[in-house]
Amino acid sequence: MIRITGLYKEYPNGVQALCDVNLEIGNGEFVVLLGPSGAGKSTLLRCINGLVRPTAGQVEVNGVQVGAENGSNLRKLRRQIGMIFQQFNLVKRLRVLDNVLCGRLAYTPLWSSCFRFFSRRDVELAKSCLERVGLIDKAYQRADQLSGGQQQRVGIARALVQQPAVLLADEPLASLDPRSSRTVMETLREINCQDHITVIVSLHDVDLAMEFARRVVGIREGSVIMDKPVSQVTRKDLEYVYDGMATEPSINSGTYGRTEYAHA
Amino acid sequence: MIRITGLYKEYPNGVQALCDVNLEIGNGEFVVLLGPSGAGKSTLLRCINGLVRPTAGQVEVNGVQVGAENGSNLRKLRRQIGMIFQQFNLVKRLRVLDNVLCGRLAYTPLWSSCFRFFSRRDVELAKSCLERVGLIDKAYQRADQLSGGQQQRVGIARALVQQPAVLLADEPLASLDPRSSRTVMETLREINCQDHITVIVSLHDVDLAMEFARRVVGIREGSVIMDKPVSQVTRKDLEYVYDGMATEPSINSGTYGRTEYAHA
Amino acid sequence: MLMPDHEKIGPAWDGYLLLQRVLVLALLLSVYVWSAYGTNLSIAELVRGYPHVLDFLSRMFPPNLTIIPELVRPTIETIQIAIWGTTLAVLLAIPLGLLAAANLTPHPVLYAVARIILNALRAVSEMVFGLIFVAAVGLGPFPGVLALALHSAGMLGKFYAEAIENIDPGPVEALEATGAHKLQVIIYGVVPQVLPEFITYNLYRWEHNVRAATVLGLVGAGGIGFELITSMRLFKYADTASILLVILLTVTVVDYISSRIRSYVI
Amino acid sequence: MLMPDHEKIGPAWDGYLLLQRVLVLALLLSVYVWSAYGTNLSIAELVRGYPHVLDFLSRMFPPNLTIIPELVRPTIETIQIAIWGTTLAVLLAIPLGLLAAANLTPHPVLYAVARIILNALRAVSEMVFGLIFVAAVGLGPFPGVLALALHSAGMLGKFYAEAIENIDPGPVEALEATGAHKLQVIIYGVVPQVLPEFITYNLYRWEHNVRAATVLGLVGAGGIGFELITSMRLFKYADTASILLVILLTVTVVDYISSRIRSYVI
Amino acid sequence: GCGGGKENERSNPPADKQNAEMKVLKMGLIPAEDQEEMMKRFGSTIAYLEKKLGIKVEPFMATDYSGVIEAMRSKKVDVAFFGPFSYVLAADVANAEAFAVGVRSNGKSTYQSIIVAHKDSGIKTLNDLRGKDFVFVDPASTSGNLFPRVMLKKAGIDPEKDFKSVTYAGGHDAVELAIKNKKVPAGADNDITYEKMVKEGLISPEENIIIAKSDPIPGSPIVYRKDLPEDLKQKIKQAFLNMHNEDPQALSGYGEIIRYDEARDSDYNIIRETAKILNLDLKKMK
Ligand SMILES: Nc1ncnc2c1ncn2[C@@H]1O[C@H](COP(=O)(O)OP(=O)(O)OP(=O)(O)O)[C@@H](O)[C@H]1O
Ligand SMILES: Nc1ncnc2c1ncn2[C@@H]1O[C@H](COP(=O)(O)OP(=O)(O)OP(=O)(O)O)[C@@H](O)[C@H]1O
Ligand SMILES: [Mg+2]
Ligand SMILES: [Mg+2]
């Protein structure tokens, strides 16, 4: 259960990124955040696990207040919250496998992680997650030798290996081809359905959002301006979220911003 | 005119990223590169302006051989080739406007750029490009204070301000919302049509590719496996490029990897 | 010169900023002129002194290579001292540097304390530490090791701290978000990022400690720096030249090792 | 410890790598033990020397604050010398550092030459430079400035080069791709990335030069370091304590300035 | 005067156990002014001493006397070579006692400060120095600072007031070179360095002219800690005094020394008095 009440965030340079956000997300939900660039999606996600400290308002995850906690309590909370970053945030000089294993750190005794020892189980788990994102053959390469999409998938594997109760995904598909995108979204759905993991994902791909989400939250200029089950989301709603898309001439035949092409 | 013959690229770690690529792209073409993650799209684009040195083969741009040239000749060539990077590659500690102005460096006398002086014309041009990507209000902010999509648009503005003869765009839409994506693609089409600028863009969004491309090149495991005018591209072709997409269960009603949703 | 001016937007920018820059420049210029007077800078003097430099250098040639066998022992001695001096310094500097890094320090008070300790270690010259440790353990290489260790710790700690402040915060955030312990974040997120700098600083400091003639002379530890000073005092400039060659060799070897390790890590 | 092993894939990895690491560890350990013997390390000795350290420190207290007015002039003198010495060093080190950075050097030969020059500047101790310049321009602060400048240039150049090698190549590539001149790439792509390190190194070196007693003493330039040594040699430890306080004050002020400028830039 | 020896009762405990069963004699050597060469060839001297004393002798060569004095104060050094002024300090701070002094081939154990001027400076007498630049060696140097200052004072010259500027060169050699290169018209040095540099051809007596010489300065003494066991002190003293008879080899490598003569603490009172003339209050130096 994630409860966000009266959340404000103003960055030091004066940008008002979030403005009175109120949200309640139940356990096991699958929520997609939609919104134009700069709307505050990343900021909102980062407030949920305490990476960004709100100017005002509160975030509560499973009854624990984020931000009030610190030290080992905060760590315990974060251990349950996996995060996929928009800019990947990999440790570039570490190998892919080590990057993924980083997701297991919170489960590893301090002393043994100092020597870079991970349990055999963790290593197996990491490898299986790499397999899931199709990168097992790159396990021993340095992260900075990967293509954009490959790096993004490493970031996804790192979040999966954490086996969290809540998964925050910030544009996890940005650099992925349609097929990998689909695989990733299916993976997210799988862990959401099977393991009852709450998934909150910000997306720019409206089609995939419509297909996978069960609830859609629209954000614009720091405020939540739409919050509906996916079945009730209309074209108008989406136009409203992105503002002005309706005026585009190329929207036709009921599909959204897409033209037909030849079929074999 | 870009002529690529027998291009091979093997990275020092042994990865064969490109394998006998042959391509000819005429002036004023609008080419979209499609291909799964890790196919070699970025590598190919980077070979065209000489950022990656091929293991074998040649790239010729407007009759000038890339790589054989160096010093001021290479610079003159590169000045004509704008590039939008997948990972933005902004100078994070510079302001947005300065990042965009970097695109004018090759046109600025050395001595005056040393003191960070740009002509009034260049500054105006940079501002108009920022306007085009909708970021004029962030002009005096540091680049690292922007959201993902905003950073990407700064990278696009930097390439536009260069007023190149050839524009290489590596996933320019990755972090953009549908509306911004469309604006960017329209901008690319505009400069392609009006100024006869050759545009080569790698994309993951098949719909947009189909809508804007005039020619589609499919890459897989370092080889060109498809090269057709967009009108002749079939669903089968795309399945072939991404391999295995046909087996996905959710492809229906003639659209590609997309489900219908409610209409208002 | 490359200061970001995020706050200044719009037309006010140009005039205000120009004024500010002109003022800073004028201030800097006057400091330089003032210092030039204070230090009697004179290019003319330097140019006129040119024959004396040649005379000095000519007395160094040809280097007296016959003394090189005698230099082996002092060189090894100094290398050993520098190894321990630098290693102890590193061990001291790591915790201090972590506490003195603004982006990693657990508490502002700890930050301030760590900075003060580092400043004090650098302010107390190696000679003073040398005397203290001679009093404690007598003459020889051991007090030299201790003196070098303490002073070097001040320098290394400061450098570590500032290298850490420069890192990309992204990976660190990512690790924090997994719920990893601070120490784990440091080992997996910070260390790989600062490793090249770490190598640079430590090997530079080692090299510096090999050349640390003054302290080692003071504590009676001898070494290659001692030979250098002695040869200069005896006006045996041909010997001096040989000793400089040996030092150059050591420096070059270390520089090479450093660049190899770094190119492997970067 | 954190070496990447990209090439080793699969099951062969564990055993081979373990062996390699054990061997490296054993080697390192034996070097340390060997050096410990060579330098007569002994913790017992250090612990037993404890009362002598106290005796030493007690002779420093209370610091003789009455001499502080007399220290103002030497302090200002040294600050001036350090300003010019460091500035000249920076001017020399910038081109050398750029050439000695593997990722920026226009040609491997220039790289090698620049590295050799930097190594030589570091190998030739400040004392030797001091003697040369005394011969050239006579006693006083000016030869001190020159000696500090040359030696510091060797150190700064190496640090610049390695800081440049560590930068994110992305922005540099982006600027190269626009057809910008190499110099423009450096000013817009490299400088903003290394600026914080640049500030750290230069201010550190300035601080070091303020404390550079030996050379300045040798060339007859005096200054605060010279006062320090003199007070120690005359066993006026209460004066020594005061001088250390003055140096600590200088160091702290510079450290504060440095951290302010850096936090503005980072 | 302030005879350093007498005031040292406080740190003069009876020879303690550690001394009684001393196995190693630690020796601190400071190459003062003219002795660097000797220090480098000290091996035969060590061998001679070990034979005579029957215990191991461990030498430490230091470039600066303050370390050796500190070590002596904390009883980590038993025997040391000092310059005359550093001896006075050591007697005061570290309970040291002079017992022998080297005699040079000219039969003298003393040396002299000199005032040197360049031939082109037109300086012929001390009085000509007024209004000129002047360079001393180092504030703590006996022959390069203390004695020259007394000479000047006796000639009615106050360096701080009557000279255009006063600097310290840091080394005896630096003074001579500065004068030779006309960077400064005149300065202070001692006769030993002067002669050595002339011999090496670094300066010539025609260019660097000696315009004044000081009273004899007692030579650099060999000292031991006062609280060593009496019999050991005697053995050490005898070993040095008999060196030229028993093993001239041990003197060698030190071509200019022909033997060691006995020295007493009171020989160095002249240094103490000189320091007093200059208001260098040794009592404050604790
Ligand atoms: N570190 C920062 N400092 C200052 N302003 C920031 C910072 N990070 C983000 N912002 C600003 O806050 C606003 C919201 O940013 P956020 O990253 O949350 O947007 P977003 O919805 O994730 O956009 P995108 O889809 O482009 O990633 C933007 O206007 C951005 O410029
Ligand atoms: N610097 C590098 N060193 C080693 N291998 C690399 C490097 N850059 C890319 N590769 C490898 O080369 C192959 C092609 O990479 P490239 O970046 O061209 O792919 P891409 O088609 O752009 O993929 P994406 O859509 O994920 O960006 C990948 O397998 C990648 O792992
Ligand atoms: Mg975002
Ligand atoms: Mg790519």
Side-chain angles (χ1 to χ4, degrees), chain C residues 2-3 31 35-36 38-42 45-46 49-50 52-53 56 77 80-81 83-84 115 119-120 122-125 127-128 131-132 135-137 140-142 145 158-159 162 165-166 191-192 195-197 200 204 207 211 213-214 228-229 232 240 244 247-248 251-252 255 262-264 266, chain D residues 2-3 31 35-36 38-42 45-46 49 52-53 55-56 77 80-81 83-84 115 119-120 122-125 127-128 131-132 135-137 140-142 145 158-159 162 165-166 191-192 195-197 200 204 207 211 213-214 228-229 232 240 244 247-248 251-252 255 262 264-266:
Chain C
L2 266 165
M3 310 218 163
V31 167
S35 302
T39 54
N40 303 326
L41 287 208
S42 151
E45 188 93 22
L46 183 59
Y50 166 68
H52 296 298
V53 173
F56 188 96
E77 246 173 57
Q80 292 176 321
I81 294 174
I83 285 177
W84 269 101
R115 286 262 163 186
N119 288 348
R122 291 203 310 285
V124 177
S125 91
M127 305 268 290
V128 177
L131 279 191
I132 294 179
V137 302
F142 186 33
V145 166
K158 179 188 163 86
F159 273 14
E162 312 214 327
E165 288 176 356
N166 285 347
V191 170
L195 201 54
E197 280 100 342
T200 300
Y204 162 74
E207 183 196 302
R211 286 184 271 110
T214 325
L228 179 72
I229 294 181
M232 279 163 57
T240 308
L244 288 179
I247 296 178
L248 177 60
V251 168
T252 306
D255 186 59
R262 288 181 69 261
S263 74
Y264 190 57
I266 285 179
Chain D
L2 268 165
M3 312 217 161
V31 167
S35 302
T39 53
N40 303 323
L41 289 207
S42 152
E45 188 92 24
L46 183 60
H52 296 299
V53 174
D55 167 56
F56 189 99
E77 246 173 57
Q80 291 177 322
I81 294 174
I83 285 178
W84 270 100
R115 285 264 164 184
N119 288 348
R122 290 203 310 286
V124 177
S125 89
M127 306 267 291
V128 177
L131 275 192
I132 294 179
V137 302
F142 186 31
V145 167
K158 178 186 164 85
F159 272 14
E162 312 213 325
E165 287 175 356
N166 284 348
V191 169
L195 202 53
E197 279 100 341
T200 301
Y204 163 73
E207 183 194 303
R211 286 183 272 110
T214 326
L228 178 71
I229 293 182
M232 280 162 56
T240 308
L244 288 179
I247 296 178
L248 177 60
V251 167
T252 306
D255 186 58
R262 287 180 70 260
Y264 190 57
V265 169
I266 286 180

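The analysis underlying the following values was restricted to heavy atoms, covering all of them including side chains, and did not include hydrogens, waters or symmetry mates. In what follows, chains carry the letters A, B, and so on, assigned in the order in which the sequence lines appear, proteins first and then strands, with residues in each chain numbered from 1.
Of the listed residues C/S263, C/G140, C/A36, the one with more heavy-atom pairs under 4.5 angstrom with chain D than any other is C/A36. For the set D/V53, D/I132, D/V31, the entry with the most heavy-atom pairs within less than 4.5 Å of chain C is D/I132. For the set C/I81, C/D255, C/T200, the count of heavy-atom pairs under 4.5 angstrom toward chain D peaks at C/D255. Among D/I229, D/L228, D/L248, the residue with the largest count of heavy-atom pairs under 4.5 Å with chain C is D/L248. Contacts with chain D were tallied for C/N166, C/V251, C/I247; C/N166 has the most, counting heavy-atom pairs under 4.5 Å.
No side-chain donor-acceptor contact under 3.5 Å links D/R122 to the backbone of C/Y204.
In terms of heavy-atom proximity, D/L244 sits nearest to C/S125 at CD2-N, 4.2 Å. The two residues C/G38 and D/P141 have their closest heavy-atom pair at O-CG, 3.9 Å. In terms of heavy-atom proximity, C/S35 sits nearest to D/W84 at CB-CD1, 3.3 Å.
Partners of C/L131 according to the side chain to side chain contact (heavy atoms under 4.5 Å, CB included) rule, which considers only residues two or more places apart in sequence or in another chain, are C/L218, D/F56, D/M232, D/Y237, E/S66, E/E70. Scored by the salt bridge (charged side-chain N to carboxylate O under 4.0 Å, His left out) test, C/E165 finds C/R115, D/R262 as partners (sequence neighbours excluded).
Proximity to chain C involves both the backbone and the side chain of D/I83, based on heavy atoms less than 4.5 angstrom apart. Of the atoms belonging to D/V137, heavy atoms from both backbone and side chain fall under 4.5 Å from chain C. Only the side chain of C/T214 comes within less than 4.5 Å of a heavy atom of chain D; its backbone N, CA, C and O stay farther away. Heavy atoms of C/I266 lying under 4.5 Å from chain D belong exclusively to its side chain.
Distance CD/D/Q80 to CG/C/L41: 9.5 Å, rounded to 0.5 Å. Here OG1 of D/T240 is found 10.5 Å from CE of C/M127. Values are rounded to the nearest 0.5 Å.
The shortest side-chain heavy-atom distance between D/T39 and C/F142 does not fall under the 4.5 Å cut-off.
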